[in-house]
Asks: 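Take a look at this one; I'll ask things after.
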There are 4 protein chains.
Amino acid sequence: MPVSEIVYARRVQFPETDASGIVHFTNFFKYVEEAEHALWRKAGVSINQRHRDVGWPRVAASFEFKRPLRFEDEFEVHLKVAEKTRKTLRYSAVLRKDGEVMAAGSLTIICVTRRPGEPLKAIDMPRDLADLFEAAGEQRPPAGT
Amino acid sequence: MPVSEIVYARRVQFPETDASGIVHFTNFFKYVEEAEHALWRKAGVSINQRHRDVGWPRVAASFEFKRPLRFEDEFEVHLKVAEKTRKTLRYSAVLRKDGEVMAAGSLTIICVTRRPGEPLKAIDMPRDLADLFEAAGEQRPPAGT
Amino acid sequence: MPVSEIVYARRVQFPETDASGIVHFTNFFKYVEEAEHALWRKAGVSINQRHRDVGWPRVAASFEFKRPLRFEDEFEVHLKVAEKTRKTLRYSAVLRKDGEVMAAGSLTIICVTRRPGEPLKAIDMPRDLADLFEAAGEQRPPAGT
Amino acid sequence: MPVSEIVYARRVQFPETDASGIVHFTNFFKYVEEAEHALWRKAGVSINQRHRDVGWPRVAASFEFKRPLRFEDEFEVHLKVAEKTRKTLRYSAVLRKDGEVMAAGSLTIICVTRRPGEPLKAIDMPRDLADLFEAAGEQRPPAGT
């Protein structure tokens, strides 16, 4: 049965903070990618198919940051497959701490062949991988957050 | 005289790559932030005013990735102040290698007070800092790239 | 009751790998620090006592790398307090995957006061924190590994 | 002519700091590696010989930290080839800011073959690469620093 979403729990680690005392914003993108890889494992595979010449570079990423995270904060990434095309997957992500929305973002990946010495080339997703995922539609943080 | 833009040259370092052989996408955001901090130094100040209770958290960040960067690639971040409001600055950024557009993105920061033990609170930029920057308008990578 | 050791389980995340296909060596130090912070939480406190002017900079760190870790590998950090002095704690760490030793290292931290605008200054550990830990002696990976 | 040493200049970037306000210790190892890669470029090659099945995993790394680095600090990595064997290179590194020793460390790398699907295997350095480097002996920070 195809998967559409996952809730991924995480704790802030120290090197993820910066001298302003809060989590450096680039780590929010890492958190989403960790959740994505957990979603693929939930679907039964690794996103890194080492034995195949298929890869998943990111074509777009965006985030809106509402509230800061701090060292040792525990939070959740609510990740959904928002859209699926023949070549791409777009995830939406909402980060919550104690239920409160900390940040919300989006990540789009594209299926490519990667052959040594050749440039990456976009291809249709192999059927066995495409069948693992199903779009769940958008998720919107409640108004006012 | 206020500043509006900077070209920041950089070389890809090894830990910025990942097991797919290319730069991990989160580093594109780090490159833009490095360029931003170089822009502030060009304006004569550090973005980190340690003696003042003013900070600049990021409220939004987005990127479109066109072509991958690899270990030891030399590239440039073309950073512009795209928009300035009383509380925020929005930068646009285009990454180029040998003239070719590799990625293009946007970063919005907001001025806050940061007092120990209190939540961050958005404020109007202090006049001396606001006067350092002038919006240069949008930059758009040429069509087709 | 004072704590002496912890076993910290972890999975390799993608940005921790590099273009050679294995975990970048600097992340082994991060894994040990994560285990250290888990040990402090096990002792009932955060290592980051925000309300006090006490900090724990690292004075020495070393690692021997035996075998590479790869994306999604699951491993354990076996962390012990190897030595305790009035001002310092030294941890020894062994990383194991499926029982096999992947790497072994050491980390020494020192207690300092950190007052804004002043240089860090080594001090005797506050009694309440010193009492949380007890040295467990050295751990040595079995010969031949 | 073989190379033995390099002085590599660097500025601290913001994500390299942590919530204690100073550079996270793992970045000192990254700085040394950046200097190493600059040394290889000075010798006329990239350490990442993509067209060959040769790699250079790290077998040991250690550092003693004397003084903290902070955001935007400018410093130098003084890197020397301290020892050369048939299979390994050991570098010594001293980090200085305004002449003052901030940290001193050591990094040992080993030459391996890396063939897809096979474990890494230590080999004698290819002659053309071995000839690029010459040991310069140890460097010791002056006593008292």
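Protein chains get the first letters and strands the later ones, always in sequence-line order, with residue 1 at the start of each.
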Asks: How far apart are the C-alpha atoms of C:R11 and A:R41, what are their side-chain angles, what is the distance that settles it, and do they pass the side chain to side chain contact (heavy atoms under 4.5 Å, CB included) test?
Replies: CA-CA 12 Å; C:R11 188 195 303 270; A:R41 289 191 296 270; 3.3 Å; yes
Asks: Within this structure, what is the NZ-CD distance for the pair A:K30 and C:Q13, rounded to the nearest 0.5 Å?
Replies: 10.5 Å
Asks: Which region of A:E34, side chain (C-beta onward) or backbone (N, CA, C, O), has a non-hydrogen atom less than 4.5 Å from a non-hydrogen atom of chain C, or is it both or neither?
Replies: both
Asks: Is it the case that atom CD in A:E72 sees more than 12 heavy atoms from other parts of the structure closer than 6.0 Å?
Replies: yes
Asks: Would A:I47 and C:F14 count as a side chain to side chain contact (heavy atoms under 4.5 Å, CB included) if you check the C-alpha gap in whole Å, the side-chain angles of each, and the deciding distance to 0.1 Å?
Replies: CA-CA 10 Å; A:I47 195 174; C:F14 199 61; 5.9 Å; no
Asks: Crowded around C:E64 CD? As in, over 12 foreign heavy atoms under 6.0 Å?
Replies: no
